[in-house]
Amino acid sequence: MSDDDYLFDTASELGLHHMNFLENLFDPITADRLDAVGVRAGARCLDIGAGGGSVTRRLAGMAGPAGKVVSIDLDIDHLTAAPGVTVLRHDITEGVPPGGPFDLIHARLVLVHLPARERVLTMLVDALAPGGSLVLGELTDRPPRVLSAPSPADAELFKRIQYLSMEIVGPAAGQSFLWGTEVAHRMADAGLVDVQGVEYCRITRGGDDGCLLHRNLNVQAEPALLAAGATAEELERYRELMLDPRFTAWFYQFVCLSARKPI
């Protein structure tokens with residue numbers, strides 16, 4: 001998958017807000033998993049799809065002055081090099097960047113977008129040092145579920161737009177939400193051990209980070225959603241709904257897993 005294939009433009013202002021919402025929603029879960037795995041002083045780390053760099057900065061702090069973090073993304077406008085941090089514009093489907101073998105490799109909401117995800121997983125396992133850990137965060141195929149809405153029609157609209165997004169538009173762009181349900185056993189099949197993880201979901205309300213992310217993704221994916229059968233009026237109402245505090249729903253299910261390469 002290249003820049004042209006990716007459904008969302010992280011270099012845009014919408015893309016910057018998109019990354020900020022993801023950090024607000026998922027950084028605490030990622031941080032807990034990294035803390036559970038442990039990153040020793042002097043570790044060599046790789047952060048894939050680093051976005052705004054929040055996880056890169058955390059890894060750099062954990063690895064300390066003697067550590068090294070390679071931070072990569074297709075767009076690096078929002079990433080900043082720092083002591084011990086190397087920032088690279090890099091497509092992970094073209095191979096693992098120099099700097100390994102790595103003691104810790106992290107990727108959040110990256111492999112879900114890659115048709116070559118199984119090949120990439122194999123490359124990441126190969127790039128781990130013996131005893132090194134792979135940490136992956138992914139979304140599953142469990143759709144968000146409405147809890148309250150201003151009207152039954154609004155609840156049905158949300159379900160329709162989520163269906164178009166997750167079942168039509170996403171797969172057409174190479175996404176696989178089934179991947180999130182498969183990651184644990186894929187890690188084991190790749191030879192990793194001590195597979196651990198958490199499933200996370202929260203209730204989101206109109207105007208909070210979860211609904212604002214729904215709205216942001218909807219705006220970015222508008223051409224594809226229209227081509228999939230949504231109307232301009234439906235998209236306008238959906239975006240209004242994502243700002244309405246009367247609307248509540250379970251958010252996407254996020255899984256964050258770690259596994260270790262045998263020594």
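- Between the side chain of Thr86 and the backbone N or O of Ala81 there is no donor-acceptor pair closer than 3.5 Å.
- Cluster partners of Leu79 are Leu34, Val37, Val39, Val55, Leu59, Met62, Val69, Ile76, Val85, Val87, Leu104, Val135, counting Ile, Leu, Val, Met, Phe, Trp and Tyr whose side-chain heavy atoms approach within less than 4.5 Å, directly or via other members.
- Of the possible polar contacts, one joining the Asp73 side chain to the Gly51 backbone as a donor-acceptor pair under 3.5 Å is found.
- Contacts of Thr30 classified as side chain to side chain donor-acceptor pair (under 3.5 Å), with partners at least two apart in sequence or in another chain: Arg108.
- The stretch residues 241-263 participates, sequence neighbours left out, in these ring pair (Phe, Tyr, Trp, His ring centres under 6.0 Å) pairs: Phe26-Phe254, Phe158-Phe247, His214-Phe251, His214-Tyr252.
- For Glu156, the side chain to side chain contact (heavy atoms under 4.5 Å, CB included) test picks out Lys159, with sequence neighbours left out.
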Under 3.5 Å, which donor-acceptor pairs link side chains of residues 255-263 to any protein atom two or more places apart or in another chain?
{"residue": "Ser258", "atom": "OG", "partner": "Arg33", "partner atom": "NH1", "Å": "2.9"}
{"residue": "Lys261", "atom": "NZ", "partner": "Val125", "partner atom": "O", "Å": "3.0"}
{"residue": "Lys261", "atom": "NZ", "partner": "Leu128", "partner atom": "O", "Å": "3.0"}

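- Looking at residues two or more places apart in sequence or on another chain, you find no side chain to side chain donor-acceptor pair (under 3.5 Å) involving Asn20.
- Proximity of Val70 to Ile72: side-chain heavy atoms (C-beta onward) are separated by under 4.5 Å at one or more points.
- In this view, Thr140 and Gln253 satisfy the side chain to side chain donor-acceptor pair (under 3.5 Å) rule, not counting sequence neighbours.
- The stretch residues 54-72 participates, sequence neighbours left out, in these salt bridge (Lys or Arg N to Asp or Glu O under 4.0 Å) pairs: Asp35-Arg58.
- Remark: side-chain polar atoms of Arg215 are paired, donor with acceptor, to backbone N or O of Arg239 under 3.5 angstrom.
- Residues that satisfy the side chain to side chain donor-acceptor pair (under 3.5 Å) test with Asp194, not counting sequence neighbours, are Gln196.
- Pairs engaging residues 29-58 under the ring pair (Phe, Tyr, Trp, His ring centres under 6.0 Å) rule: none recorded [sequence neighbours left out].
- Residue pairs satisfying the side-chain hydrogen bond (donor to acceptor under 3.5 Å, both in side chains) criterion with at least one member in residues 127-136, sequence neighbours excluded, are absent.
- Within the structure, the ring pair (Phe, Tyr, Trp, His ring centres under 6.0 Å) test picks out no pair touching residues 164-186 (sequence neighbours left out).
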